[in-house]
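The chain is numbered in sequence order, starting from 1.
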Amino acid sequence: MGFKRYYLFFIVLFCLIYKSNGQNVSLYNQFNGRYDFTFIGNTLNVQPNGANDPCDLLDSSVATLNLNSNDIIESAYLYWAGSGTGDFNVKLNGIDITSQRNFSAIQSSNGNPFFSAFADVTTQLQTTGNGTYTFSDLDVTPFLNPFTYCNNGTNFAGWAIVVVFRNTTLPLNQLNIYDGLEALSTPVVNVQDQIIINLGNLNVLDNSGAKLGFVAWEGDATIANQESLLINGNVIDNPPLNPGNNAFNGTNSITGSSDLFNMDLDIYDIQNYINIGNTSVEVKMTTAQDFVLINTIVSKLNSQLPDATVTINSIEQECDSRIIRVNYTVSNLNATNVLPAGTPIAIYIEGVFTAFDETTLPIGIGESFNFQTIITIPASVPIDFSLVIVVDDRGDGTGIVAELNEDNNTATTSISLWNSPTFNSLENLIACNEGFTRGTFDFSSYEDAVKTNSADNVRFYESLENATIAINPISNISNYVATATPKEVYVRVYNDNCFAITSFLLTTRNCPPTVYNFVSVNNDTYNDSFTIGGLRDIFLDFKLEIYNRWGRLLWTGNQNTEDWDGYVKDGIGSKNAPDGTYFYLLFLNDIDYPEPLRGYLYLNH
């Protein structure tokens, strides 16, 4: 109920129109295809609110859904509303429902708050289907102070479900659901307030079956003062339930009920107010006295337009190349008409138009088409850049195709060109010859030394082939044994996308042999002969001479003789040399050792 006549002496004090606070009714969801809609719901008021209202509310109320057998529920949205700041936990057929979106409004003339709540109940209605639905547990009694809502006739509570269904026999429609909580009110009688919603991006091919539905609260059957619904400037009505000057009057045009106290579930046939070729429709609601809360508006129009969208699927590139392959998909999913062949596609790099493509075939409703285009990235573009694809764009920001939605034609991705990692040169490694050019090497420090980027990874390989295909890496880089040298080791430096290969050489040198200068010839198997480690397998042409302390040559050996065990061929009083100190000359006959190695040994029996 709005402002009663016995409040007029207060109203005349105002000279301006005050708009109630609330959330503007705006587009919530859109369905394009063979869709239609209906409402079910009921009031919790026991009678129209007003001066004689006992201010009582029901604990529950029921409504019946009765779709045709071929109608398939697509979506179902439950709205409930009432006086006060809100109760957001209710039940539908005994199932707990918690609000997912809330709306509020304040009546500006007295500061009284009102609320509305929303929950998606699609699954429940798809499971239950046709039948009776009971709504309960909405409690607004804490707010119904006689001096606030009851005495000024604005106490109410109720519920409604917007049901969207599809049917293959329906024409192709665009169905829009708008919601919020926007108040129509004016503190000055006969001074009009209005709400205007523009339905855009249309291409009306057939006005047959066009309709407009409302979920509204707090309308009064007894107040009919410029309370109108206008389509494209034309006042529409729905006789006998909704006169042209009393659009919101507590009625349910689906059931034909006129006792939906202080709420409205009305669907209007608007085909006579929509013209073929219309690209937009203006919906205007007005009042010059009643206080009305607009919660939900649903429009169904036979608007046949494509809706082009684009998604970037993948970017193909090669290392150290500025040529990329872009794989993307153009779709016409949420549409009511075919996307024509020749629809332009513009590709921008760093905001600069770089490449052009177009659809070569029509893309049907609900269909998609995959594209691949090759682009050379200009040298002026940095390694990291953004790529944008816009369908229905000629390269200058303008298109040629009228669409249901002109704001979803763009796809963006960030790209980093792949570059092979750089690396530091590595020095060759030299180890002692352990025999027949065998050597043991530690190149574990090269794992960090080779990298110029600490984030890169490094592996070592014994062959170029293994390094190229990354198989069989060297596992022990701190104690690697090369059985023969020189040996080339290959280093794979790699990141997530690219790799580079370098190498270093392992070589050996003949390190000085190790002389064990104590000889005890007692056949205990320990030091029974003069042993020199690292000699026989390395210096193959050596010559060893043994002298006594007076400089007499006692023994000469080489690769072909046994180690000296104190035996003297020519004797020095005995074939076995006596205990004592002896001296040796070791001729290695190696370029690195031009002079013989000299030393002593001690012989003991």
- prompt: Is the closest side-chain heavy-atom distance between Leu586 and Leu535 below 4.5 Å?
  reply: yes
- line: The complete set of ring pair (Phe, Tyr, Trp, His ring centres under 6.0 Å) pairs with one or both residues in residues 372-392, sequence neighbours excluded, reads none
message: Ignoring hydrogens, what is the shortest heavy-atom contact between Ile389 and Val310? Give both atom names and the distance.
response: O-CG1, 3.5 Å
query: Can you list the steps and then say if Thr309 with Val330 is a side chain to side chain contact (heavy atoms under 4.5 Å, CB included)?
result: CA-CA 6 Å; Thr309 59; Val330 174; over 6 Å; no
query: Is there side-chain contact between Val491 and Val493, with at least one heavy-atom pair below 4.5 Å?
result: yes
- prompt: Are Ser454 and Asp456 linked by a side-chain donor-acceptor pair shorter than 3.5 Å?
  reply: no
- prompt: Between Ala449 and Asn424, which heavy-atom pair has the shortest distance, and what is it?
  reply: O-ND2, 3.0 Å
message: What I want to check is whether the side chains of Asn409 and Glu403 have a donor and an acceptor closer together than 3.5 Å.
response: yes
message: Using a 3.5 Å distance criterion without hydrogens, assess whether the side chain of Asn295 forms a donor-acceptor pair with backbone atoms of Gly180.
response: yes
Working for side chain to side chain contact (heavy atoms under 4.5 Å, CB included), residues Ser368 and Leu333: CA-CA 7 Å; Ser368 301; Leu333 303 178; 3.8 Å; yes
- prompt: Heavy atoms, side chains only, cut-off 4.5 Å: are Ile324 and Ile377 in contact?
  reply: yes
message: Check whether Thr452 reaches the backbone of Thr422 with its side chain - one donor and one acceptor, N or O, closer than 3.5 Å.
response: yes
message: Tell me the closest heavy-atom pair linking Tyr582 and Asn548, and the distance in Å.
response: CD2-CA, 3.8 Å
query: Taking C-beta and beyond as the side chain, do Thr440 and Asn479 meet within less than 4.5 Å on heavy atoms?
result: yes
message: Checking the side chain of Asn327 only, and the main-chain atoms of Asn313 only, is there a donor and an acceptor separated by less than 3.5 Å?
response: no
- request: Dump the intermediate steps for ring pair (Phe, Tyr, Trp, His ring centres under 6.0 Å) on Phe539 and Tyr593, then the final yes or no.
  value: CA-CA 11 Å; Phe539 299 93; Tyr593 303 94; 5.8 Å; yes
Flag side-chain contact, heavy atom, 4.5 Å: Gln174 against Leu305: no
- request: May I have the step-by-step check of side chain to side chain contact (heavy atoms under 4.5 Å, CB included) for Leu506 and Val489, ending in yes or no?
  value: CA-CA 7 Å; Leu506 302 180; Val489 174; 3.6 Å; yes
field: Check: Leu170 main-chain N/O paired with Arg34 side-chain donor or acceptor under 3.5 Å
entry: yes
query: Hey, is the main chain of Trp418 close enough, under 3.5 Å, to the side chain of Gln317 for a donor-acceptor pair?
result: yes
query: Are any side-chain N or O atoms of Asn332 and backbone N or O atoms of Asn337, one a donor and one an acceptor, separated by less than 3.5 Å?
result: yes
Between Asp179 and Thr296: side-chain donor-acceptor atoms closer than 3.5 Å: no
message: Suppose the criterion is salt bridge (Lys or Arg N to Asp or Glu O under 4.0 Å): which pairs have a residue in residues 300-329, not counting sequence neighbours?
response: Asp36-Lys300
query: Below 4.5 Å, heavy atoms only, C-beta onward: do Asn173 and Asn302 meet side chain to side chain?
result: yes
task: Measure the shortest side-chain to side-chain distance between Ser386 and Glu350 over non-hydrogen atoms and say whether it is less than 4.5 angstrom.
output: yes
- request: Measure the spacing between CG of Asn495 and CG of Asn453 and express it to the nearest 0.5 Å.
  value: 8.0 Å
- prompt: Stepwise, does the side-chain hydrogen bond (donor to acceptor under 3.5 Å, both in side chains) test hold for Thr508 with Thr485?
  reply: CA-CA 6 Å; Thr508 57; Thr485 58; 2.9 Å; yes
message: Return the CG to CZ distance between Asn510 and Phe542, rounded to the nearest 0.5 Å.
response: 13.0 Å
- prompt: Between Asn527 and Ser520, is there a donor-acceptor pair closer than 3.5 Å when you use the side chain of the first and the backbone of the second?
  reply: no
query: Parallel under 30°, tilted from 30 to 60°, perpendicular over 60°: which one fits the rings of Tyr28 and Tyr77?
result: perpendicular
message: Check whether Thr514 reaches the backbone of Gly534 with its side chain - one donor and one acceptor, N or O, closer than 3.5 Å.
response: no
statement: disulfide bond (SG atoms under 2.5 Å apart) pairs touching residues 443-536, sequence neighbours excluded, are Cys319-Cys498, Cys432-Cys511
task: Sequence neighbours left out, what pairs pass salt bridge (Lys or Arg N to Asp or Glu O under 4.0 Å) with at least one residue falling in residues 437-449?
output: Glu434-Arg438, Asp448-Lys451
task: Run the numbers on Thr343 and Glu358 for side-chain hydrogen bond (donor to acceptor under 3.5 Å, both in side chains), then give the verdict.
output: CA-CA 5 Å; Thr343 299; Glu358 62 180 359; over 6 Å; no
task: For the residue pair Leu181 and Asn102, establish whether any side-chain heavy-atom pair is separated by less than 4.5 Å.
output: no
- request: For Ser26 and Asn24, test the side chains for any donor-to-acceptor distance below 3.5 angstrom and give the result as yes or no.
  value: no
- prompt: Atom CD1 of Ile177 and atom CG of Leu27: how far apart are they, to the nearest 0.5 Å?
  reply: 9.0 Å
Please tabulate, for the side chains in residues 596-605, all donor-acceptor contacts under 3.5 angstrom to protein atoms that are two or more places apart in sequence or on a different chain.
| residue | atom | partner | partner atom | Å |
| --- | --- | --- | --- | --- |
| His605 | ND1 | Asp579 | OD1 | 2.7 |
| His605 | NE2 | Ala577 | O | 3.4 |

field: Pair Tyr461 + Tyr490: ring centers closer than 6.0 Å
entry: no
Asn167 (side chain) donor-acceptor with Thr169 (main chain) under 3.5 angstrom: yes
message: Take a 6.0 Å sphere around CD1 of Ile400 and say whether it holds more than 12 heavy atoms from other residues, nucleotides or ligands.
response: yes
query: Is a side-chain N or O of Asp563 found less than 3.5 angstrom from the main chain of Thr531, in a donor-acceptor match?
result: no
- request: Please step through side-chain hydrogen bond (donor to acceptor under 3.5 Å, both in side chains) for the pair Ser503 and Glu488, ending with a clear verdict.
  value: CA-CA 7 Å; Ser503 69; Glu488 190 169 9; 2.6 Å; yes
query: If you look at every heavy atom in Arg549 and Phe583, which pair is closest and at what distance?
result: CA-CE1, 3.9 Å
field: Check ion pair Arg509-Asp590 (N to O, under 4.0 angstrom)
entry: no
field: Verdict with supporting geometry, Phe165 and Glu74, side chain to side chain contact (heavy atoms under 4.5 Å, CB included)
entry: CA-CA 5 Å; Phe165 59 89; Glu74 180 73 16; 5.8 Å; no
Residue Gln100 excluded, over 12 heavy atoms near CD under 6.0 Å: yes
query: Is it the case that Asn176 and Gln30 place a side-chain donor and acceptor less than 3.5 Å from each other?
result: yes
- prompt: For the atom pair OG (Ser116) and CZ (Phe88), what is the distance rounded to the nearest 0.5 Å?
  reply: 9.0 Å
- request: Please say which of Phe587, Trp564, Phe530 ends up in a side chain to side chain contact (heavy atoms under 4.5 Å, CB included) with Leu544.
  value: Phe530
message: Does anything in residues 492-512 form a ring pair (Phe, Tyr, Trp, His ring centres under 6.0 Å)? List the pairs, not counting sequence neighbours.
response: Phe443-Phe504, Tyr446-Phe504
task: Would you kindly say whether Ser280 and Asn198 are connected by a side-chain donor-acceptor distance under 3.5 Å?
output: no
